[in-house]
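Source: prediction; values computed, not measured. What you see below is based on every heavy atom in this structure, not just the backbone, and it leaves out hydrogens, waters and symmetry mates. Letters go in sequence order (proteins before strands), and every chain restarts at 1.
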There are 2 protein chains.
Amino acid sequence: MASELTRTPRSTAREGREKAIFEAARSVFAEFGYKGSTTAEIAKRAEIPKANLHYYFPTKEALYRAVTEDVLNTWLEAASSFDESADPSEAIAAYVSAKMDMARQDPIGSRIWANEILRGAPVIGDFLETTLLDWLKSRETIVRRWIKAGKLVALEPRYFFYMIWATTQHYADFEGQMAALNGGKPLSDAQFEAAKAQVIATLLRGVLPSGT
Amino acid sequence: MASELTRTPRSTAREGREKAIFEAARSVFAEFGYKGSTTAEIAKRAEIPKANLHYYFPTKEALYRAVTEDVLNTWLEAASSFDESADPSEAIAAYVSAKMDMARQDPIGSRIWANEILRGAPVIGDFLETTLLDWLKSRETIVRRWIKAGKLVALEPRYFFYMIWATTQHYADFEGQMAALNGGKPLSDAQFEAAKAQVIATLLRGVLPSGT
DNA sequence: GATAAGTTTGACCAATCGGTCAATTCTTCT
DNA sequence: AGAAGAATTGACCGATTGGTCAAACTTATC
């Protein structure tokens, strides 16, 4: 999180403060976006003086980049759960399940991503054009193979992935809207599991050949 | 847009400036959210001095509320395209189609909504808990009727609507991400129509009984 | 226990924020 | 033409912004 060059064992005190700042920054950036966030608010949520924040992270942008990099790493972890060796239904179910769990466990990360895209992706633009595009291309190849083998209905793989991303991300980014429609309470674990199962079922039914 | 009490015919000059401010505000709020937006930037995009902006809209919040109200009206228009008298497949296809067209024609409105939800919906919270919830409940009744009649597979209507909202909204909010994955260019009209057709096909296939 | 290094903090800075205001210009009406 | 009102604008205000800094305080090392 801090300098990757640190050689000496980090003191727990330092790690604690740095982590508190990091988590506070995540929540503030997720809520207000980069421009709408203030270092004062982040320091307040981290319960430290603002000047102390600048000791660990020299600028707001450096802090934002650290937070963003972490989000990308989490994304890459979930991406690996799409297994080409498995059956289409297995692979899709596992991937959607992983993305849904990600949305549930780390909605803040998803919201940071959403805010970054909304303002034109100045920081993760490179990632989108390189790593993400490579990932997408390789999975498109797999999906096309499945289609040719008759294991999937004919479709443009890209738009199918967009549907998966949209739906899973929705459960993180629009948690507030869902809560408002749920009597003001966030989805319970049971509700979330039901939603997840239904999303997987609907998507699979939507792309698997009849009688599968 | 201005005072609804205006009785005299509005001069086109006044309407023009007010509209310019309104459109500039939409684009800025969509990009940076409420907190991240500045009246200076809005005035700059409207190509007027900042003081002139405050002549038409006394505060940043008043301007934001005007913009937000307009977004809700657009939402309500699209909502009416869900026709209960039609076949499930017709009704769903028409609704998804309308939402997709909305995302294409007015991505900015969608992004304003998304930003508002991300910061906890302080302005449209009431709308969500009343109008939107009522709409959702009434449509859930219709969907449940279809399920009982065997015209739809068993599912929780709510999560199905979330899928529709998620997917259609994604084409507006994540336009930038899609463009990055599309050689830097936004989806062409042909690409968008293909995506729309596929979204409708996958969703229908996902919820209609086999052999329909 | 002294010295050095790392950490914490209030006070402060220039720039930008939302908003005001008086002076000016443009329109409208007679 | 000229008065009255509407619209436009540069200058300005106090509050907040991201960031700095020197002084004070801890902690590790000998």
Visitor: Output yes when a side-chain donor or acceptor of B/Lys60 lies under 3.5 Å from a complementary backbone atom of B/Tyr34, and no otherwise.
Guide: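 At least one qualifying donor-acceptor pair exists.
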
Visitor: Could you state the OH-P distance from B/Tyr56 to D/dA6, rounded to the nearest angstrom?
Guide: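 After rounding, the gap between these two atoms is 12 Å.
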
Visitor: Check for me whether the distance between the ring centres of A/Trp135 and A/Tyr95 falls short of 6.0 Å.
Guide: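 That pair passes the under 6.0 Å test.
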
Visitor: Can you tell me if A/Arg17 touches the phosphate of C/dT9, counting only side-chain N or O atoms and a distance under 4.0 Å to OP1 or OP2?
Guide: yes

Visitor: Nearest whole Å is fine: how far is C/dT25 P from B/Asn52 CG?
Guide: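 Nearest whole value for this atom pair: 16 Å.
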
Visitor: Within this structure, what is the CG-to-C1' distance between B/Leu53 and D/dG10, rounded to whole angstrom?
Guide: 16 Å

Visitor: May I have the distance from A/Ile42 (atom CD1) to D/dT16 (atom P), rounded to whole angstrom?
Guide: 18 Å

Visitor: Rounded to whole angstroms, how far apart are OH on B/Tyr55 and P on D/dA7?
Guide: 4 Å

Visitor: Quick one: what's the B/S/- string for nucleotides 17-24 of chain C, heavy-atom cutoff under 4.0 Å, read 5' to 3'?
Guide: SBBBB---

Visitor: Rounded to whole Å, how long is the line connecting atom CD1 of B/Ile48 with atom P of C/dT25?
Guide: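 Taking atom P of C/dT25 as the reference, CD1 of B/Ile48 is at 19 Å.
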
Visitor: Quick one: side-chain contact (heavy atoms from CB on, under 4.5 Å) partners of A/Ala62, sequence neighbours excluded?
Guide: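 Expected list: A/Pro58, A/Thr59.
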
Visitor: For a quick test of reading the model, state the closest non-hydrogen atom pair linking A/Ala172 to A/Pro107 and the distance between them.
Guide: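 The answer is CB-CA, 3.7 Å.
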
Visitor: Do other residues, nucleotides or ligands put more than 12 heavy atoms under 6.0 Å from the NZ atom of B/Lys44?
Guide: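 No, not enclosed.
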
